[in-house]
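What follows is a short report on a single structure.
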Amino acid sequence: LQAVILADSFNKRFRPLTTRKPRCLLPICNAPLLDWTFESLALAGVQEVFVICRSHAQLVKEAIKESKWSKPGSGMKIVPIMTAKETFSPGDAMRDIYTRGLVTSDFVLVMGDLVSNIRIDEVVRVHKERRKTNKDAIMTMVVKESGVRHRTRARGESSVFVLDRETSECLHYEALTGYPRTNVVRIPREILATHPEVEIRNDLIDCSIDVCSVEVPSLFQDNFDYLDIRRDFVHGILTSDLLMKSIHCYVAKDGYAARVQDTRSYESISKDILSRWTFPLVPDDNHPGGHIYEHTRGNRYIAKDDSVILARTCKIGTNTLIGPSTQVSENASIEASVIGQSCNIGAGSTVSNSYIFENTVIGANCTIERSIIGAGVNIRDNTHIAKGCLIGDGVIVGPDSVIQPYERFSTRRGLPVDGDDEEEEEEDDSDIEEVEACMFFGDSASDLDISDAGSISSESDSESDFGDTDSHADLESSAGRSDFSGLMADSEFRLEVKQSLERAFSEGHSVENAAVELKTLRMASNVPLSRVKEAVVAAIVEKIPIVDGDPAVQRREIAAVVGRWGDLINRIGGVDPIETVCILQAHCATSTRMPLFGQILAALYQEDIVEEDDIRAWHKLP
């Protein structure tokens, strides 16, 4: 049995924690996420695993080499595969799998941030039995029933599955967004006409565990507009009249499965592990990090190697894990938190609902609430960190500082952390994750805000909110880039895009159809995404008529064009609002519509294509 792990997250939700390491190596309950995923696959009897990684690939390879899975007798062969720098989506990774010919039979496809104890071998058995009678059944998706207020269920990103009651075939799939809120789901009428009984379900958590036939990677190769596995591939297969393939769901009644997709799910899954919902994957038994913990009443876990020093007057609350070689001083209080190894908690400090990575020092009389603190951080005396904060590796905070809610801090770019080589750090830092300032205040981090200790998941940011991985720092030098080497000359490609958009404008195509045509053209021409975005922004700007002498009418014209076509900028494959503003600036500077720049930017803001933080970040660029 083979498995493929997509180790990249393809978004930046954990910045600045993922500036120098990939998300799959972030610790959860003191073990790297990737190790939890390996344990989940080992439970299912998987014998060979391919780990597909792009960002920080060398770190992933080293982590695998040093883990217990690389030792003889582990029962599982793990092969790290480094993909090309042009791999910007799960679809690109699947095309790379096809090109390399990695899989030779049915395989399990998971993400590198999975924590699960579901018996995947049973799903594989059901999938293979179905394939004996139906060769067109190419994929089985594992889903799990949940209540609407289950804490691992992200309200901002859910799905509607239309299933055949008898066969569990997925007849229709639609991804729902929390903002803008999806209120209506459109189900093709022929589904209701041809199936006597269907289930329309919004109570299923997508576990992102798929059992795939060997032909799935080839379908990605044949359809270059397939970027996301659910929104593009599954939706495309189910709506295609040509492919004639089917996808089924396996509704898991027992077991646990969830992905660490954002900071909120990081907290939810950490609490579930401490509450033993993931048994047998728990800290005191089968801990992926190799540590041994003692489990006591109230789900308190203390490292068993006698290296933990707890002061007589300190207080260790329920649902708490203390890593090896950690010291907790007098009158310190730790409640519902995870403390990494070799940490030091100062006298009189309080840590509640927080996650402290290894080698962090917290001074005396500090307060940390519902935050994630990176490795090697030094929080000095009398510092207060409010809820929702993310502190990157190696940051020094304080003394006597007050950090407001939802702030994010990182070290200045280019400075080595823990003796890292500066040049290597720069190379990795410019990969997928990037922090350009001494202090990063980026997104609001509202996905970490939880109203009370026992509360449930709320709305999380959608994947598209973080989108493309191109570096903002590259924009300044974009004017000097050499022409791409592909199937078309640059001028021919621009002409093709221009003609495609003119057809869309004149014939009133939907934004979705126009986006698909542009994605296909981009893949066929082998050009970077930014080149397509430049053409789209230019076409939208030039479509705005110039109205002399009547500012009100001019504003209405701008709002009409941006309202109708502005979303195309984000639909072509990745969202980078700062890059969008830079491209708009560059085009307007050479256009007769330069006086309209401010009004166009305001219209993009009104349509939620760019936000206030994005405009401020653009304004700070040289």
Side-chain angles (χ1 to χ4, degrees), residues 4 6 8-11 52 54 83 86-99 109-111 138-143 154 156-162 170-177 182 185-188 206-213 215-249 259 261 461-469 500 509-525 527 529 532-533 536 567-576:
V4 172
L6 302 184
D8 287 290
S9 59
F10 302 107
N11 62 55
I52 311 299
R54 170 193 178 274
T83 63
E86 292 75 28
T87 303
F88 293 124
S89 69
D92 293 336
M94 294 298 289
R95 281 181 276 275
D96 197 58
I97 292 170
Y98 173 79
T99 303
L109 177 66
V110 299
M111 302 299 287
I138 59 170
M139 178 187 280
T140 300
M141 302 183 291
V142 178
V143 294
E157 255 182 9
S158 61
S159 307
V160 166
F161 295 87
V162 180
C170 185
L171 308 173
H172 181 73
Y173 170 87
E174 192 160 330
L176 307 182
T177 58
T182 304
V185 175
R186 303 187 184 279
I187 300 172
D206 188 348
C207 302
S208 292
I209 302 172
D210 301 323
V211 180
C212 306
S213 70
E215 62 205 275
V216 166
S218 66
L219 291 170
F220 278 91
Q221 181 72 12
D222 296 339
N223 298 272
F224 275 89
D225 57 330
Y226 288 170
L227 301 180
D228 183 81
I229 293 175
R230 292 291 182 264
R231 282 191 286 268
D232 296 328
F233 176 75
V234 171
H235 186 265
I237 294 296
L238 297 182
T239 55
S240 173
D241 296 327
L242 302 176
L243 296 175
M244 304 299 290
K245 304 294 183 183
S246 63
I247 295 175
H248 290 72
C249 285
R259 277 186 61 202
Q261 301 182 73
D461 297 303
S462 69
E463 196 101 3
S464 61
D465 289 341
F466 297 83
D468 192 64
T469 54
S500 174
H509 293 179
S510 68
V511 170
E512 291 82 0
N513 289 346
V516 169
E517 189 167 340
L518 290 174
K519 288 177 187 177
T520 306
L521 185 59
R522 174 203 166 200
M523 293 299 179
S525 307
V527 300
L529 181 62
V532 187
K533 187 178 285 189
V536 171
D567 194 38
L568 184 59
I569 297 170
N570 289 343
R571 291 292 187 98
I572 56 177
V575 182
D576 191 335

So which heavy atom on [X] is nearest to which on [Y], and how close?
X      : Y      : answer
Met94  : Pro217 : O-CB, 3.8 Å
Asp567 : Val511 : C-CG1, 4.2 Å
Ser500 : Glu517 : OG-OE2, 3.2 Å
Tyr173 : Arg230 : OH-CB, 3.3 Å

Task: Gln221: side chain to side chain donor-acceptor pair (under 3.5 Å) partners, not counting sequence neighbours - done: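 Checked Gln221 against side chain to side chain donor-acceptor pair (under 3.5 Å); zero matches.
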
Does any N or O in the side chain of [X] come within less than 3.5 Å of the main-chain N or O of [Y], such that one atom is a donor and the other an acceptor?
X      : Y      : answer
Asp210 : Met141 : no
His172 : Val160 : no
Asp206 : Ser208 : yes

- [ ] Determine, for Lys245 against Glu215, whether the closest basic-nitrogen to carboxylate-oxygen distance falls under 4.0 angstrom.
- [x]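 Judged by the 4.0 Å cut-off on N to carboxylate O distance, Lys245 and Glu215 do form a salt bridge.
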
Do [X] and [Y] come close enough that some side-chain heavy atom pair is under 4.5 Å?
X      : Y      : value
Leu238 : Cys170 : yes
Glu512 : Arg571 : yes
Phe161 : Val143 : yes

- [ ] Using the test ring-ring contact (aromatic ring centres under 6.0 Å, His included), find all partners of Phe233 that sit at least two apart in sequence or belong to another chain.
- [x]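 Partners of Phe233 by the ring-ring contact (aromatic ring centres under 6.0 Å, His included) criterion, ordered by chain and then number, come out as Phe220, Tyr226.
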
- [ ] Could I get the full list of ring-ring contact (aromatic ring centres under 6.0 Å, His included) partners for Tyr98, not counting sequence neighbours?
- [x]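 Result, ring-ring contact (aromatic ring centres under 6.0 Å, His included) vs Tyr98: none returned.
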
Task: Given Leu6, Ile52, Val216, Ile209, the one that forms side chain to side chain contact (heavy atoms under 4.5 Å, CB included) with Leu109 - done: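 Going through Leu6, Ile52, Val216, Ile209 one by one, the side chain to side chain contact (heavy atoms under 4.5 Å, CB included) with Leu109 is satisfied by Leu6 alone.
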
Between [atom1] on residue [X] and [atom2] on residue [Y], distance to nearest 0.5 Å:
X      : Y      : atom1 : atom2 : result
Ile237 : Leu219 : CD1   : CG    : 5.0 Å
Leu529 : Leu227 : CG    : CG    : 9.0 Å
Thr239 : His235 : OG1   : NE2   : 5.0 Å
Ile138 : Met244 : CD1   : CE    : 12.5 Å
Ser510 : Leu568 : OG    : CG    : 10.0 Å

- [ ] Verify side chain to side chain contact (heavy atoms under 4.5 Å, CB included) between Val162 and Glu174, making sure each step is shown before the conclusion.
- [x] CA-CA 9 Å; Val162 180; Glu174 192 160 330; over 6 Å; no

